[in-house]
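Please read the structure below before turning to the comments.
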Amino acid sequence: MAEACQQFPSVVDRYFTRWYKTDVKGQLYEDYCILQHSNRICVITLAECHPVLQSGKNISSISYQISANCSRLQNKVSGKSKRGAQFLTEFAPLCRITCCDGDEYTIYSCIRGRLLEVNENILHNPELLKEKPSTEGYIAVVLPKFEESKTVTEGLLSQTQYEEVLLKRTSIPDSKVDL
């Protein structure tokens, strides 16, 4: 009679494939997760081991102002062909996260495509980034070009490959293990 509570997969787990980009631009542990939907849309998020999520840092500000002439908040998309969307390259900055300890992290797109939207909710509630990084705390939504949609994941790691990277990072070097 007393059945154990069944754990159903989340919406993210059911409808998105997780891809990872590690050590972006050579910055150790600055990993991103790209959630790819079957309709090609990609949601850019922080991976679980990103320093902002791992070290108990407090976020003082998030800014989508990339330079004096470029603000991701000015992105205005309209119509079926997504006219007006800013085009992003793999290393296009999306936002900057500043922590209370003075550390600053630039978050990059990791994939080529059109910027459909940025998450303005994290500007007013930066804790969403830490509390719900894969859902309400996402960074941006990007739509890869149709002809590139199959190759957009080249250079990204699958969930299994990423877990192997995490294991390697935390494993003790063989020379220090006494058997």
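Keep in mind that what you see is a predicted model, and the values were worked out from it rather than measured.
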Mind checking whether [X] and [Y] have side chains closer than 4.5 Å, heavy atoms only?
{"X": "L167", "Y": "Y162", "result": "no"}
{"X": "Y105", "Y": "P51", "result": "yes"}
{"X": "L94", "Y": "L88", "result": "yes"}
{"X": "L35", "Y": "T45", "result": "yes"}
{"X": "V52", "Y": "L46", "result": "yes"}
{"X": "I97", "Y": "T106", "result": "no"}
{"X": "I111", "Y": "I44", "result": "yes"}
{"X": "D31", "Y": "Y20", "result": "no"}

Please set out all donor-acceptor pairs under 3.5 angstrom arising from side-chain atoms of residues 21-28, sequence neighbours excluded.
{"residue": "K21", "atom": "NZ", "partner": "E90", "partner atom": "OE2", "Å": "3.1"}
{"residue": "D23", "atom": "OD1", "partner": "Y29", "partner atom": "N", "Å": "2.7"}
{"residue": "D23", "atom": "OD1", "partner": "R169", "partner atom": "NH2", "Å": "2.9"}

Checklist entry - Distance from W19 atom CH2 to L156 atom CG, nearest 0.5 Å? => result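 One finds 7.0 Å between CH2 of W19 and CG of L156.
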
Checklist entry - What distance separates C110 SG from I139 CD1, expressed to the nearest 0.5 Å? => result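 Reported value, rounded in 0.5 Å steps: 10.5 Å.
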
Item to check | Evaluation steps, side chain to side chain contact (heavy atoms under 4.5 Å, CB included), between H37 and V43 | outcome: CA-CA 8 Å; H37 194 274; V43 180; over 6 Å; no

Checklist entry - Using 30° and 60° as the class limits, which term best fits the ring planes of Y32 and H50: parallel, tilted or perpendicular? => result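 Taking H50 first and then Y32, their aromatic rings lie parallel (interplane angle under 30°).
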
Item to check | Other ILVMFWY residues reachable from I66 by side-chain steps of under 4.5 Å | outcome: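 Cluster partners of I66: none, it stands alone.
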
Next on the checklist: Is there a side chain to side chain contact (heavy atoms under 4.5 Å, CB included) between L129 and I62? Walk through the geometry before answering.
Outcome noted: CA-CA 10 Å; L129 201 59; I62 298 171; 3.9 Å; yes

For [X], enumerate each residue passing the side-chain hydrogen bond (donor to acceptor under 3.5 Å, both in side chains) test, keeping only those at least two apart in sequence or located in another chain.
{"X": "S158", "result": "Q161"}
{"X": "Y108", "result": "none"}
{"X": "D101", "result": "K57"}
{"X": "K132", "result": "E136"}

Can you list, pair by pair, the side-chain donor-acceptor contacts under 3.5 Å of residues 70-77, counting residues two or more places apart and other chains?
{"residue": "S71", "atom": "OG", "partner": "L73", "partner atom": "N", "Å": "3.2"}
{"residue": "R72", "atom": "NE", "partner": "P93", "partner atom": "O", "Å": "2.9"}
{"residue": "R72", "atom": "NH1", "partner": "Q86", "partner atom": "OE1", "Å": "2.6"}
{"residue": "R72", "atom": "NH2", "partner": "P93", "partner atom": "O", "Å": "2.8"}
{"residue": "N75", "atom": "OD1", "partner": "Q86", "partner atom": "N", "Å": "2.7"}
{"residue": "N75", "atom": "ND2", "partner": "L115", "partner atom": "O", "Å": "2.6"}

Next on the checklist: Strictly by salt bridge (Lys or Arg N to Asp or Glu O under 4.0 Å), give each pair with a member in residues 109-123 just once, sequence neighbours left out.
Outcome noted: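 Sorted pair list: R112-E148.
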
Which residues pass the side-chain contact (heavy atoms from CB on, under 4.5 Å) test with [X], not counting sequence neighbours?
{"X": "E131", "answer": "E127"}
{"X": "T98", "answer": "S60, S61, E104"}
{"X": "P133", "answer": "L53"}
{"X": "E164", "answer": "T160"}

Checklist entry - Got more than 12 heavy atoms from elsewhere within 6.0 Å of OH, Y15? => result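 Check fails, neighbour count at 12 or below.
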
Next on the checklist: Taking E48's backbone N and O only, do any of them form a donor-acceptor pair with Q54's side chain (distance below 3.5 Å, no angle check)?
Outcome noted: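 Side chain of Q54 to backbone of E48: a pair is present.
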
Item to check | Intermediate values then yes/no, side chain to side chain contact (heavy atoms under 4.5 Å, CB included), N119 and Y64 | outcome: CA-CA 10 Å; N119 185 1; Y64 285 110; 4.0 Å; yes

Checklist entry - If you group Ile, Leu, Val, Met, Phe, Trp and Tyr by side-chain heavy-atom gaps below 4.5 Å, do V141 and F87 land in one group? => result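 No, V141 does not connect to F87 through the hydrophobic network.
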
Item to check | Verify same cluster id: F16, L116 (apolar side-chain graph, 4.5 Å) | outcome: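 In one cluster with F16: L116, yes.
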
Item to check | Non-hydrogen atoms of R83 and G79 that approach each other most closely | outcome: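 So the two residues come closest at NH2-CA, 4.3 Å.
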
Next on the checklist: What verdict does the side chain to side chain contact (heavy atoms under 4.5 Å, CB included) test give for T89 and S109, after you've listed the backbone C-alpha separation in whole Å, the side-chain angles of each residue and the deciding distance to 0.1 Å?
Outcome noted: CA-CA 7 Å; T89 61; S109 173; over 6 Å; no

